[in-house]
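For reference, the structure discussed in these notes is given below.
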Amino acid sequence: MTEEKRRRPPAGQFITTQFNSLLGWARKFSLFHYPFVTACCGMEYMSAACAHFDIDRFGAGWTRFSPRQSDMLLVVGTITHKEAPVLRTVYEQMTEPKWVIAFGTCAVSGGIYDNYAVVQGIDQIIPVDVYIPGCPPRPETVLDGLLKLQEKIQHQDHDWRWKKKRS
Amino acid sequence: MEEKTILERLRKEFPAGVKEALTSLGDEVAVIDKEALLPIATFLRDGPGEFKMLLDLTCVDYPGREPRFELVVHLFSLSRNRRLRIKTGIDESDLRIASLTSLWKNADWLEREAYDLFGVRFEGHPDLRRIFMYDGFEGHPLRKDYPLRRRQPLIPLKE
């Protein structure tokens with residue numbers, strides 16, 4: 001077999017893999033995301049989502065504005081205590097399996113807003129998979145966070161029988 | 001000078017109501033008596049000043065000072081391109097003050113804000129309830145004696 005053939009096997013051949021790994025590969029490239037945008041980080045989200053930086057290159061281009069159709073929640077911006085029940089309801093309405101990205105310092109830790117109104121990190125309300133720091137984060141950081149989430153999904157133990165995991 | 005005439009007219013019309021009239025950083029400031037707020041505001045809107053526009057209405061907390069709170073009202077005259085600031089002291093023991101909603105409609109939300117964050121009661125306001133904080137929130141968070149990190153979550157938080 002020549003070097004070229006080994007690198008690119010012709011169509012019709014088969015590969016061997018584990019089902020879990022295949023499912024991880026499929027899921028990490030078909031992330032439907034729901035942007036929960038509350039603050040100025042939304043500008044960077046728009047930049048990352050649109051043509052200049054284009055998260056569609058990594059398979060996360062399909063923005064859904066219904067949590068019931070999405071499996072990746074992007075929490076972009078400051079979450080106040082008034083808004084916390086809304087965010088949790090949105091998270092609970094999303095389909096399984098689901099992942100959450102805390103986008104920007106406010107979502108990660110409350111940021112500069114250490115006061116009466118602001119939740120000090122959304123992980124006090126919902127589980128978070130990837131934290132993206134920055135105030136606001138640059139689109140490159142967002143893409144890096146997305147790649148980290150994809151790596152996590154690839155190596156995750158997928159419950160492919162659609163049973164609810166018991167926590 | 002036109003600036004002086006408005007303050008002078010104000011002093012002449014309300015000799016008891018106007019405590020102090022001065023010019024600060026190019027703006028006219030009138031420190032007035034709390035009881036005289038509504039008549040003075042009516043005079044400023046409908047009188048020769050023609051302050052038809054309410055720019056801002058807010059409150060300041062000066063702990064340890066008497067009176068503790070100060071209501072600050074910014075007015076703007078569209079026809080004369082002039083600004084005017086009215087300040088009124090509100091004592092902690094009596095937080096009631098006349099509402100300006102009958103004169104300027106946008107005072108509605110501004111007064112709700114001052115009520116929400118400082119606890120000032122506006123007499124005559126059509127719908128005085130919180131505007132930023134949620135139902136069940138205790139206290140008024142912009143008062144200086146509200147603890148900085150006292151949070152009142154609506155749902156239980158994980159640590």
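In what follows, every chain begins at residue 1, and chains take the letters A, B, ... in the order their sequences are listed.
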Considering residues, nucleotides and ligands other than [X], do more than 12 of their heavy atoms fall under 6.0 Å from its [atom1]?
X        : atom1 : answer
A/Arg57  : CZ    : yes
B/Asp135 : CG    : no
A/Glu151 : CD    : no
B/Arg96  : CZ    : no
A/Lys148 : NZ    : no

Residues A/Asp123, B/Lys158; criterion salt bridge (Lys or Arg N to Asp or Glu O under 4.0 Å); working and verdict
CA-CA 7 Å; A/Asp123 50 7; B/Lys158 284 177 262 181; over 6 Å; no
Determine whether A/Tyr116 and B/Gln152 make a side-chain contact, defined as any pair of heavy atoms from C-beta on separated by less than 4.5 Å.
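No, side chains not in contact.
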Do B/Tyr134 and A/Lys82 have side chains that get closer than 4.5 Å, going by heavy atoms?
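Counting from C-beta outward, B/Tyr134 and A/Lys82 do come under 4.5 Å.
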Linking I/L/V/M/F/W/Y whenever their side-chain heavy atoms sit closer than 4.5 Å, directly or via other members, would A/Trp99 and A/Leu147 fall into one cluster?
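Shared cluster, yes.
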To the nearest 0.5 Å, how far apart are CD in A/Glu83 and CG in B/Leu154?
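Between A/Glu83 CD and B/Leu154 CG, I get 11.5 Å after rounding to 0.5 Å.
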Which atoms of B/Ile155 approach chain A - backbone, side chain, both or neither, heavy atom under 4.5 Å:
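Side chain only.
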Identify which part of B/Tyr146 has an atom lying under 4.5 Å from any heavy atom of chain A, answering side chain, backbone, both or neither.
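Contact with chain A: side chain only.
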Which atom pair, heavy atoms only, marks the closest approach of B/Leu157 to A/Ile125?
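Looks like CD2-CG1, 4.3 Å.
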Taking B/Arg151 for its side chain and A/Asn115 for its backbone only, find out whether a donor-acceptor pair lies under 3.5 Å.
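Here the side-chain-to-backbone pair exists.
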